[in-house]
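The residues of the chain are indexed from 1 along the displayed sequence. One-based numbering, in listed order, for ligands and for the atoms of each.
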Amino acid sequence: MLDYKKLGFMCGLEVHYQLSTRKLFCHCPNLVHDSNSISYKIQRNLMAFEGESGKKDIAAEYEESKNKTFIYEGSNSSSCLVELDESPPFPIDQGALKTSIQVAMLLNMKIVNEVIVMRKIVIDGSNVSGYQRTTLIGRDGFLETSKGKVKIPTLYLEEDAAQKTSKTKDTVTYNLSRLGIPLLEIATSPDLQDPEHAKETAYLIGMVVKSTGKAHRGIGSIRQDVNISIKNHSRIELKGFQDLRSIPKVIDYEILRQLKEKNESSHVRKVEPNLTTSYLRPMPGSSRLYPETDLKTIQISKEFLKTIEIPELLTERALNFEKKYNLPSDHAREIVSENIPFDYYAEKYKIEPKIIANLLIEAPKEISSRFIIKKQLKQKDFEFVFDNLENKKISREAAFEVLKDISLDIKPNLLKYQTISLGELEAFIKDLVEKNKGVSISGLMGDVMKRYRGSVDGKSAMELLKKYVR
Ligand SMILES: [Zn+2]
């Protein structure tokens, strides 16, 4: 176990959340298309240019030195001339603006008096124009965590970049459908005390964003960057966390790596699937913001702010679920964060809510960790299982087996799982023991389970075996 205090551990987060509203500066929908629905392709080259400070951005120079041609693939239903930088931006999307203000309010931030859109130079080609539009919405906020307040200095509303789909020695290809999707960028101060604290804070920020009901779901809709430094070492930014749960491990590995390095300069690293990190690029410089002259400043009046309602926090909604149904808190939190219609199931079926929650939340996870699944479980699959469970046609154990069968695209054979009476089980065991004199209890247990897996509980079977085997 590392002693984070002794190491002088400093850690802050920058989380990015896509919103499910329309795009930020045009009317295109938030639809991510794959390469099958491409309707056009364009090609561009980018050059680094001097920022206001007169100094070329080092990250920009780094990218320029790569001398790439950028290819953009788009679909007419998810991108327009704005993404291609051939038409000026439309005024900022009101839905996204409202959601960003709600999040800023939930994070106890001061809301800006005016929304001023800025251009941030981005030279890796992920924005056709060579810059990303961004606007400060809130500042000086905080979040309560189990280890005290974490300061949230800034919340920006910005446009997401195009998604890199392939690259060769001279070209990089981007899919345009993601470009322009509203993105919240929420940064914490380096207040995080240890890796678990970083994970908790990332989780809590996620809950705040999801509380608005406008967090976009799906792969790539959330991105967390972690900035860390330890005494006598440069600051390192870690990008590309696939899963919030991996944060503590990745940070630990990174600290161990840094302890072996000397005289390393600040840079950005990418998180690999095995949770180690690899060099990505130099740290971006600071000379890269200038005003977006195509957009008017929007005044945020006190009257306007009064019209924005503050949504109920999901953490509070989770607590209500926990109390109402006597559920474990992690299940209650998952119900709200995954938007599972739990009330519906709990009211429809006379089944203990804990069992319902377990089948809805744990069963799919266990199945996918143990088997290669072919089908995602749907509401009708759960209802099929709950119906049979409620009518005592199958046992709780069998409910899991049936869900597993459905996930593996096997038609579940309910006859196999039908519950049997204790009398029936006893008759079977008595007969089995008589026919298999000398076979051990564990050997016979194997036979019982082969015949009745999912229909009997192991404990009763074992008691009966002990009764008859002498
Ligand atoms: Zn568009």
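- No donor-acceptor contact under 3.5 angstrom links the side chains of Tyr325 and Glu352, judged on distance only.
- In this structure, the salt bridge (Lys or Arg N to Asp or Glu O under 4.0 Å) partners of Arg245, at least two apart in sequence or on a different chain, are Asp243.
- Among residues at least two apart or in separate chains, there is no ring pair (Phe, Tyr, Trp, His ring centres under 6.0 Å) pair with a member in residues 208-244.
- For a distance threshold of 2.8 Å, the protein N, O or S atoms nearer than that to the Zn ion (ligand 1), listed by chain and number, are Cys26 SG, Cys28 SG, Cys80 SG, Glu83 OE1, Glu83 OE2.
- Of all heavy-atom pairs between Thr21 and Ala96, the closest is OG1-CB, 3.5 Å.
- Residue pairs meeting the ring pair (Phe, Tyr, Trp, His ring centres under 6.0 Å) criterion with at least one member in residues 90-119, sequence neighbours excluded, are His27-Phe90.
- The aromatic rings of His267 and Tyr279 sit tilted, their planes meeting at an angle between 30° and 60°.
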